[in-house]
Trainee: 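If you scroll down you'll find the structure; I have some questions about it.
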2 protein chains.
Amino acid sequence: MLASVPGRPTFKRLPRAVREQQMLDAAVRVFSRRGFHEASMDEIADEAGISKPMVYAYLGSKDDLFRACVNREGTRLLESIVAVVADDLPADEQLWRGLRGFFGFVGAHRDGWAVLYRQARSGQPYDLATLRTRIVEVVAGMLRSAVESQSRQARDEDLTASAYALVGAAESIADWLADHPEADPDRSAARLMNFSWLGARQLLQGELWQPSSA
Amino acid sequence: MLASVPGRPTFKRLPRAVREQQMLDAAVRVFSRRGFHEASMDEIADEAGISKPMVYAYLGSKDDLFRACVNREGTRLLESIVAVVADDLPADEQLWRGLRGFFGFVGAHRDGWAVLYRQARSGQPYDLATLRTRIVEVVAGMLRSAVESQSRQARDEDLTASAYALVGAAESIADWLADHPEADPDRSAARLMNFSWLGARQLLQGELWQPSSA
DNA sequence: GAGTAACCTTACGCAGGAGTAGATATGCTG
DNA sequence: CAGCATATCTACTCCTGCGTAAGGTTACTC
């Protein structure tokens, strides 16, 4: 079939590792704009510039593929946050860095974010529940050590609740950010920093938070 | 077919309005636990104790049905918030009432909440985007009037961002609440009130917010 | 107590899309 | 430049689940 023009190969061969990443890139794009179910394996294969059986050969079923996407993007996201938060910094500085890392990721990987936030949440809780829980725990741990450094006490549930609130607020703003490509991630981070650190009361009184390090 | 036993009717007839509500109830339950795509019309019909063509006759296609669910639950949710917020109250009191209304709804309609939050967000933005936007606008309006009552100025984008943060934080805690049936909605509302009104800084210093009206 | 409109059912057509079988192309290695 | 492992394709099968056609059943009305 496929008239093989001599001199110009019918298709280009690439090593497995490379193709796998291309497929994942394509899958993330398609999942992000269609959602898990609306996305067809044909479309993903097409987007990757490859045929369907390749996807099955390398990455398994549609479910496996989706899991792989969530894993890759989730790991990247978590890295973006954890990498910049150092334990020995004051709480506001840690928070500020974490937020910048988070929004930086979202700004740079809008598709990945969409998959994690809009798609992965719906169906079975792939490994996303775990990921989100881990982020919440990181934040809660941050708050806890901040409280303890003032030799105070706080109920663990209250800290966890605050962590949930913080993560949810970040997700909400990130979602807005994902739909506004012209917006600046750092600006979003600053807005949320003001809100979450100062609280609505201070904010309504005109107070503003300023990063200590330029 | 179906040997009609005399004296015991083969099925019970009910007026359309009643059946429609039963169907919507069933659909919300099924959508909430399966997600839009995993939910089959057969299962919904079964859950409603009725056969499939009835669903099509009364509520149209699967898409229509889902829209109807989102509409009903969304309207109820919005009502729960708007109904209790009076314009002439101080900002913290308005916020407190809004939060209580919101968490009250979630606690009482966990399925409905799951449909709105986890399912409707994924696919095409039915009327949910509208709903969420409306809620954000209500909150933003609240903040704006609070600022103006202090004859101050604030950039509109900053207010909107705060509103997004607040809504996102509420959603996040609500989501946790939906998975913890034993938890008290009012307690969740109080926790978020503390976080969002006082901010992390005050909270870490041990400050607490108290409702003025018992 | 017949007529009729509104309910309600069983049983099917049909499309879309996941996953696979089997054949072919490519390029590295000696 | 022949041999072989690996990469790749085309062309199917088959199942799931949406939506519907055609025909019973019930209870209200006069």
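Naming convention: chains lettered A, B, ... in sequence-line order (proteins, then strands); numbering from 1 in each chain. Note that the structure is predicted; figures quoted are calculated from it, not measured. Computation of the quantities below employed the complete heavy-atom set of this structure, encompassing side-chain atoms and omitting hydrogens, waters and symmetry-equivalent molecules.
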Trainee: Take the angle between the ring planes of A/Tyr164 and B/Trp176 and call it parallel below 30°, perpendicular above 60°, tilted in between.
Mentor: tilted

Trainee: Tell me: NZ of A/Lys62 to C1' of D/dC15, nearest whole Å?
Mentor: 15 Å

Trainee: Nearest to the side chain of A/Pro53, which nucleotide is it out of C/dC8, C/dT9, D/dC9?
Mentor: D/dC9

Trainee: Whole Å only: how far is the CG atom of B/Asp42 from the C1' atom of D/dC15?
Mentor: 14 Å

Trainee: The side chain of A/Ile50 is closest to which nucleotide in this list: D/dC9, D/dA21, C/dC7?
Mentor: D/dC9

Trainee: Can a salt bridge be assigned to the pair B/Glu73 and B/Arg76 using a cut-off of 4.0 Å between side-chain N and carboxylate O?
Mentor: yes

Trainee: Do B/Lys52 side-chain and D/dG19 base share a donor-acceptor contact under 3.5 Å?
Mentor: yes

Trainee: Salt bridge check: are B/Arg144 and B/Asp156 linked by an N-O gap of less than 4.0 Å?
Mentor: yes

Trainee: Quickly work out the B/Met54 CE to D/dT20 C1' distance and round it to whole Å.
Mentor: 14 Å

Trainee: Could you state the atom-to-atom distance from CZ of B/Phe31 to C1' of D/dC18 in whole Å?
Mentor: 12 Å

Trainee: Report the residue (B/His37 or A/Arg16) whose heavy-atom-nearest nucleotide on DNA chain D is the more 5′ of the two.
Mentor: A/Arg16

Trainee: Once you round it to whole Å, what is the distance between C1' of C/dC8 and OH of B/Tyr56?
Mentor: 16 Å

Trainee: Looking at every strand, decide which applies to A/Pro15 at a 4.0 Å heavy-atom threshold: base, sugar-phosphate, or nothing.
Mentor: nothing

Trainee: Rounded to the nearest angstrom, tell me the gap between atom CD in A/Glu20 and atom P in D/dT8.
Mentor: 11 Å

Trainee: Can you find a side-chain donor-acceptor pair between B/Asp64 and B/Ser61 that sits under 3.5 Å?
Mentor: yes

Trainee: Looking for any heavy atom pair under 4.0 Å, which part of the strands does B/Ser40 touch: base, sugar-phosphate only, or nothing?
Mentor: sugar-phosphate

Trainee: When all nucleic acid strands are considered with a 4.0 Å heavy-atom cut-off, which category describes A/Ala39: base, sugar-phosphate, or nothing?
Mentor: sugar-phosphate

Trainee: Counting side-chain heavy atoms from C-beta on, which of D/dT6, D/dG17, C/dG19 comes nearest to A/Arg13?
Mentor: D/dT6

Trainee: Could you tell me how the ring of A/Phe31 sits relative to the ring of A/Phe36: parallel (under 30°), tilted (30 to 60°) or perpendicular (over 60°)?
Mentor: parallel

Trainee: Using the closest heavy atom to pick a nucleotide of DNA chain D for each, name whichever of B/Ser61 or A/Gly49 lands nearer the 5' end.
Mentor: A/Gly49

Trainee: Can you measure B/Tyr58 atom OH to D/dG19 atom P for me and round it to whole angstrom units?
Mentor: 19 Å

Trainee: Roughly how many Å is it from CZ in A/Arg19 to C1' in D/dT8, rounded to a whole number?
Mentor: 9 Å

